[in-house]
A.B. asks: 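I have a structure here, written as C-alpha cells, and I will follow up with some questions on it.
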Amino acid sequence: MDHFTEDEHLLVGLAATSGVGPATLQALLQRNGGRVGGLAAAVRGRAGAGLRDAAGLSVGDACRRGRAVCRRVAAAGGRTLVAGRPGYPARLDG
C-alpha cells in the first residue's frame with residue numbers, strides 16, 4: 001500500500017465524500033496555491049471554512065475516510081493515484 005501524507009489522505013477522503021465534487025476540490029487546491037502539501041492546514045483554517053460545514057466532516061474524519069479508501073483499493077489489487085505523486089499520469093496533471 002502506498003504511504004500517503006495526511007494531506008493526500010485528506011484529498012482522497014474528500015474526493016470520496018458525497019457532495020464534494022471535482023469543482024470543489026479544484027477550488028480548494030487553488031486556494032492552497034495548487035499544492036496538495038499543506039492542504040490539511042488550509043482546510044482547518046479559512047480556506048476550508050465552507051467545505052467543513054458542507055461536507056459535515058472534520059479533517060480527521062476525512063483523513064480516516066481517505067485511508068480506508070486506499071486500503072480498499074489496495075485490497076482489490078489497485079493503486080490510489082494522487083496528483084504530484086509518482087505514477088500519476090502527466091497528461092492529467094495540470
Side-chain angles (χ1 to χ4, degrees):
M1 184 166 116
D2 291 311
H3 297 283
F4 292 129
T5 66
E6 176 187 40
D7 299 311
E8 292 164 336
H9 278 129
L10 173 62
L11 186 62
V12 171
L14 289 173
T17 299
S18 179
V20 179
T24 302
L25 292 174
Q26 185 65 33
L28 182 61
L29 286 169
Q30 285 177 345
R31 285 192 299 263
N32 195 44
R35 298 172 291 111
V36 174
L39 189 60
V43 171
R44 285 184 181 104
R46 290 185 354 182
L51 178 65
R52 288 188 306 271
D53 297 333
L57 289 175
S58 69
V59 169
D61 291 338
C63 288
R64 282 187 287 281
R65 178 173 288 170
R67 283 190 294 276
V69 167
C70 291
R71 281 193 300 273
R72 286 194 307 271
V73 168
R79 287 186 317 157
T80 304
L81 300 176
V82 174
R85 297 227 1 157
Y88 191 82
R91 292 176 58 179
L92 296 178
D93 203 9

A.B. asks: Closest approach of V36 and A83, non-hydrogen atoms and distance?
C.D. replies: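 Scanning both residues completely, I find the closest heavy atoms to be CG2-O, 4.2 Å.
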A.B. asks: Return the minimal non-hydrogen interatomic distance between L28 and L14, and the atom names on each side.
C.D. replies: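 Shortest heavy-atom separation between L28 and L14 comes out as CD2-CD1, 3.9 Å.
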A.B. asks: Give the minimum heavy-atom separation between A41 and D7, together with the two atoms involved.
C.D. replies: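 Heavy atoms only, the tightest pair is N-OD1, 4.5 Å.
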A.B. asks: Quick one: does any side-chain atom of R85 pair with a main-chain N or O of V82 as donor and acceptor, under 3.5 Å?
C.D. replies: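 Answer holds: no.
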A.B. asks: Is there a side-chain contact between F4 and L11, using heavy atoms and a 4.5 Å cut-off?
C.D. replies: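 F4 does not reach L11 side chain to side chain.
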A.B. asks: Is any side-chain heavy atom of T17 less than 4.5 Å from a side-chain heavy atom of R65?
C.D. replies: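 In contact.
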A.B. asks: Considering all heavy atoms of both residues, which atom of A62 and which atom of L10 are nearest to each other, and what is their separation?
C.D. replies: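 Where A62 meets L10 most closely, the heavy atoms are CB-CD1, 3.4 Å.
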A.B. asks: Rounded at 0.5 Å granularity, tell me how far CZ in R67 sits from OG1 in T80.
C.D. replies: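 Nearest 0.5 Å value for the CZ-OG1 distance: 13.0 Å.
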A.B. asks: How long is the span from the CD atom in E8 to the SG atom in C63, to the nearest 0.5 Å?
C.D. replies: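 Answer rounded to 0.5 Å: 10.5 Å.
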A.B. asks: Quick one: does any side-chain atom of N32 pair with a main-chain N or O of A42 as donor and acceptor, under 3.5 Å?
C.D. replies: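 Such a contact is absent between N32 side chain and A42 backbone.
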A.B. asks: Taking the basic N atoms (NZ, or NE/NH1/NH2) and the acidic carboxylate oxygens, is any pair closer than 4.0 Å for R44 and E6?
C.D. replies: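 So R44 pairs with E6 through a salt bridge.
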A.B. asks: Measure the CD-CZ distance between Q30 and R35 for me, rounded to the nearest 0.5 Å.
C.D. replies: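 Here the interatomic distance stands at 13.0 Å.
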